[in-house]
Amino acid sequence: MMIGTKMLSACLFTIFVSVSAKDQAQRTRPHILFVVGDDVGYNDFGYTNGERTFTPTMNELAATGIQLKAYHTFKICSPSRASIITGRYPWGAGFYDMSRDTEHCTTNFTALPQLLKPLGYRTHALGKWDVGFLNRTCSATYRGYDTFFGYYTACQGDYWYHSASGGYPDNAQCTAPDGALPTDFSSNVGTKVQPAPTSLNGTYNRVLFSNEAARLIHAHPSPTIPMFMYLAFMNVHDGCKYLKANMGKQAPLGTVTGHYNRTTLDTYKVSGAMYTELDLGITEAIDALKAQHMWNNTFYIFVSDNGGPLDHATNFPLRGGKHTFWNGGVRVTGLISGPLVPVERRGTEWHGLAHSSDWYHTVVEGMAGGNVPEDTGPRPPDGFNLWPAIALDSHSPRTEVVHQVANQYFNESCTAITVNEMKLILGNPGDNRTLRWPEESQTDIPFGRSGGVVEPGTDHARAGSFPNPPPHHLEPCAPPQGCLFNLTADPGEQNNLAHDPFYTDIVEDLTQRLAAHGASGPPNAWLWGTDVSAFQHYEGLMCERALTSGFLEPVL
């Protein structure tokens with residue numbers, strides 16, 4: 001019997017992906033540049049919003065890569081990052097939310113970079129950490145990274161002055177009586193934990209992170225030694241010192257006026273400039289890889305940690321945003337690009353279900369050619385190696401995403417699950433607006449007309465957020481029926497099927513699945529468990545030391 005050309009080609013490609021790629025990786029393993037954007041909106045890169053934001057490098061990477069169109073994460077940042085590093089659902093790693101965030105820790109699990117070290121990788125983490133640091137064993141260079149250059153908490157207070165968050169989250173208010181804040185910026189190597197130089201104050205933190213990424217790449221000893229770089233920019237998160245003052249959008253004025261003169265409102269002008277700065281940082285890291293002859297053997301990965309906040313970002317066509325369990329909060333930008341993407345898959349989309357926990361196996365096994373050991377923690381991994389399915393454009397091995405559960409350890413009165421094309425939400429998922437990037441003006445509109453300001457004597461442009469919506473924007477999705485959506489037919493979650501008798505069995509099945517998953521959830525991943533007084537003692541000690549030394553650092 002003659003074997004069809006198409007079938008033969010598919011068979012040979014399958015062999016390449018599943019067998020020879022691993023053999024090749026053992027000879028010269030690929031470099032991996034893993035970029036995390038903070039609070040990136042689904043509609044906010046130029047290739048998704050009709051070029052209303054200036055992001056040429058991300059546009060090119062999308063045009064030559066594979067867009068992951070059903071990539072999911074958590075609705076807020078710390079749990080999603082814990083999922084990447086542990087290969088578990090956020091709740092499966094004990095990160096149900098961001099309560100007692102400085103005390104969170106992932107040491108119960110083998111971390112992703114710890115799996116890469118035996119494969120010969122040099123590993124670097126830059127930018128945002130936010131998976132615990134009160135005990136140094138929870139910090140980056142104790143979790144498999146050779147170096148860490150960045151900040152520990154959810155956000156720096158300011159993009160230029162790098163202070164701690166100033167009361168965000170509310171349980172970390174390291175503020176002096178005169179209002180001064182310690183700096184949250186560290187430069188750690190191995191077991192040496194130390195603050196970054198004070199001379200960095202005054203420089204936009206995106207510039208610092210991309211400069212350090214380029215320095216590390218140029219210092220890399222050989223293109224044949226594999227490198228894993230986790231580059232977690234703060235862009236486009238608010239500067240947290242200004243949350244209450246409502247001036248958290250921050251970017252160089254030249255970037256604002258260079259590309260956003262026809263953007264109508266100052267909030268979007270500065271937000272757009274923050275995306276352009278993010279794009280510049282990615283460009284500089286890739287340029288360094290090219291200069292060191294490393295790029296041609298590099299996988300490039302980009303993800304957002306959660307959906308864009310609706311006070312300055314847009315997630316069209318998805319409903320909702322950050323802090324919500326609508327798709328706009330949990331279905332985010334995901335991209336694999338670079339020269340190692342198969343030629344026939346460049347410039348395409350993959351619609352298989354994917355989750356932040358999948359990078360654990362996808363990076364280690366699918367890309368680096370290693371093996372994830374059977375025992376990597378008290379709970380089995382929740383993720384899959386997606387690379388063979390992505391490379392072949394075949395079905396995802398993942399059939400469900402458990403967004404949030406409720407159990408004896410945690411209950412925020414909203415749970416959610418996606419199984420194949422059906423999504424069930426039980427409880428109030430949050431702000432349900434669907435926002436898209438605004439149309440441009442036909443004429444230039446000077447910056448400062450709608451509340452934006454420039455710090456005197458500097459190029460520091462700042463703008464505020466849009467006000468919170470009135471309560472009628474909320475939708476309860478109350479149990480027992482909740483809200484049920486067919487995401488294939490209705491990705492914007494506009495048509496609730498839960499009250500249709502035809503779907504009663506599906507609602508009951510997904511409700512039971514949620515209950516079963518919730519029952520398997522572990523305790524919160526807090527260093528001192530339910531001992532709140534111990535946590536308060538050590539966080540107080542951290543603040544006391546920080547206000548004396550000027551820097552936020554581990555206390556143990």
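Owing to the predicted nature of the structure, the values given are computational and were not obtained by experimental measurement.
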Using atom types as modelled and distance alone, determine if a side-chain donor or acceptor of [X] lies under 3.5 Å from a backbone N or O of [Y].
X: Ser210; Y: Gly281; answer: no
X: Glu277; Y: Met274; answer: no
X: Ser80; Y: Cys77; answer: yes
X: Asn135; Y: Thr137; answer: yes
X: Thr123; Y: Asp146; answer: yes
X: Arg319; Y: Asn432; answer: yes

Are the gamma sulfurs of Cys414 and Cys477 separated by less than 2.5 Å?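 No, the SG atoms are not under 2.5 Å apart.
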
Can [X] and [Y] be counted as having a side-chain donor-acceptor contact under 3.5 angstrom?
X: Thr418; Y: His72; value: no
X: Ser83; Y: Ser356; value: yes
X: Arg81; Y: Thr86; value: no
X: Ser163; Y: Asp158; value: no
X: Asp431; Y: Thr324; value: no
X: Asp39; Y: Asn306; value: yes
X: Gln156; Y: Asn205; value: yes
X: Thr106; Y: Arg143; value: yes
X: Thr314; Y: Asp44; value: yes
X: Gln250; Y: His237; value: no

Centroid-centroid under 6.0 Å between [X] and [Y] rings:
X: His124; Y: Phe228; result: no
X: Phe95; Y: Phe410; result: no
X: Tyr409; Y: Tyr96; result: no
X: Tyr204; Y: His162; result: no

Kindly indicate, with the supporting measurements, whether the criterion side chain to side chain contact (heavy atoms under 4.5 Å, CB included) is fulfilled by Phe466 and Thr267. CA-CA 8 Å; Phe466 298 117; Thr267 294; 3.6 Å; yes

Given ring-ring contact (aromatic ring centres under 6.0 Å, His included), test Phe149 with Phe185 step by step and report yes or no. CA-CA 7 Å; Phe149 180 80; Phe185 212 140; 5.0 Å; yes

If you round to the nearest 0.5 Å, how far is [atom2] of [Y] from [atom1] of [X]?
X: Phe485; Y: Leu424; atom1: CZ; atom2: CG; answer: 9.5 Å
X: Trp129; Y: Asp184; atom1: CH2; atom2: CG; answer: 13.5 Å
X: Leu541; Y: Leu556; atom1: CG; atom2: CG; answer: 8.0 Å
X: Leu278; Y: Ile282; atom1: CG; atom2: CD1; answer: 4.5 Å

Residue pairs, two or more places apart or on separate chains, that pass side-chain hydrogen bond (donor to acceptor under 3.5 Å, both in side chains) and touch residues 542-552: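 For residues 542-552, and leaving out neighbouring residues, there are no side-chain hydrogen bond (donor to acceptor under 3.5 Å, both in side chains) pairs at all.
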
Would you call [X] and [Y] a side-chain contact if the rule is heavy atoms closer than 4.5 Å?
X: Tyr121; Y: Ile32; answer: yes
X: Val330; Y: Thr73; answer: no
X: Thr434; Y: Leu318; answer: no
X: Thr153; Y: Leu552; answer: yes
X: Leu116; Y: Val364; answer: yes
X: Met542; Y: His537; answer: no
X: Arg88; Y: Ser357; answer: no

Are any of the side-chain nitrogens in [X] or [Y] under 4.0 Å away from the carboxylate oxygens of its partner?
X: Arg398; Y: Asp382; answer: no
X: Glu412; Y: Lys75; answer: yes
X: Glu493; Y: Arg331; answer: no

Yes or no on side-chain hydrogen bond (donor to acceptor under 3.5 Å, both in side chains) for His517 and Glu400, after CA distance, side-chain angles and deciding distance? CA-CA 11 Å; His517 283 298; Glu400 71 174 9; 2.7 Å; yes

Under the 6.0 Å and 45° cation-pi test, does Arg100 pair with Phe535?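 Yes, a cation-pi geometry.
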
Cation-pi, Tyr145 ring and Arg122 (6.0 angstrom, 45 degrees):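 Judged by the rule, Arg122 and Tyr145 form no cation-pi pair.
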
Where do Val303 and Phe34 land on the side chain to side chain contact (heavy atoms under 4.5 Å, CB included) test, with the steps shown first? CA-CA 8 Å; Val303 296; Phe34 195 118; 3.8 Å; yes

Given the rule in the side-chain hydrogen bond (donor to acceptor under 3.5 Å, both in side chains) test, do Ser520 and Arg379 qualify, once you have shown the distances and angles that lead to the verdict? CA-CA 9 Å; Ser520 75; Arg379 172 191 173 91; 3.3 Å; yes

The test is side-chain hydrogen bond (donor to acceptor under 3.5 Å, both in side chains); show your working for Asn327 and Tyr42 and say whether it passes. CA-CA 10 Å; Asn327 264 3; Tyr42 198 77; over 6 Å; no

Going through the checks in order, is the side chain to side chain contact (heavy atoms under 4.5 Å, CB included) test met by Thr102 and Phe133? CA-CA 6 Å; Thr102 57; Phe133 74 97; 3.6 Å; yes

Go through it in stages, so that I can follow the logic: the residues are Asp531 and Ser533, the test is side-chain hydrogen bond (donor to acceptor under 3.5 Å, both in side chains), and I'd like the CA-CA distance, side-chain angles, deciding distance and then a yes or no. CA-CA 5 Å; Asp531 189 347; Ser533 62; 2.7 Å; yes

Could you walk me through whether Thr141 and Val189 satisfy the side chain to side chain contact (heavy atoms under 4.5 Å, CB included) test, starting with their C-alpha distance in whole Å, then the side-chain angles of each, then the deciding distance to 0.1 Å, before giving a yes or no? CA-CA 7 Å; Thr141 53; Val189 179; over 6 Å; no

Would you mind telling me which of Tyr89, Tyr360, Phe74 makes a ring-ring contact (aromatic ring centres under 6.0 Å, His included) with His355?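 Among Tyr89, Tyr360, Phe74, the one meeting ring-ring contact (aromatic ring centres under 6.0 Å, His included) with His355 is Tyr89.
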
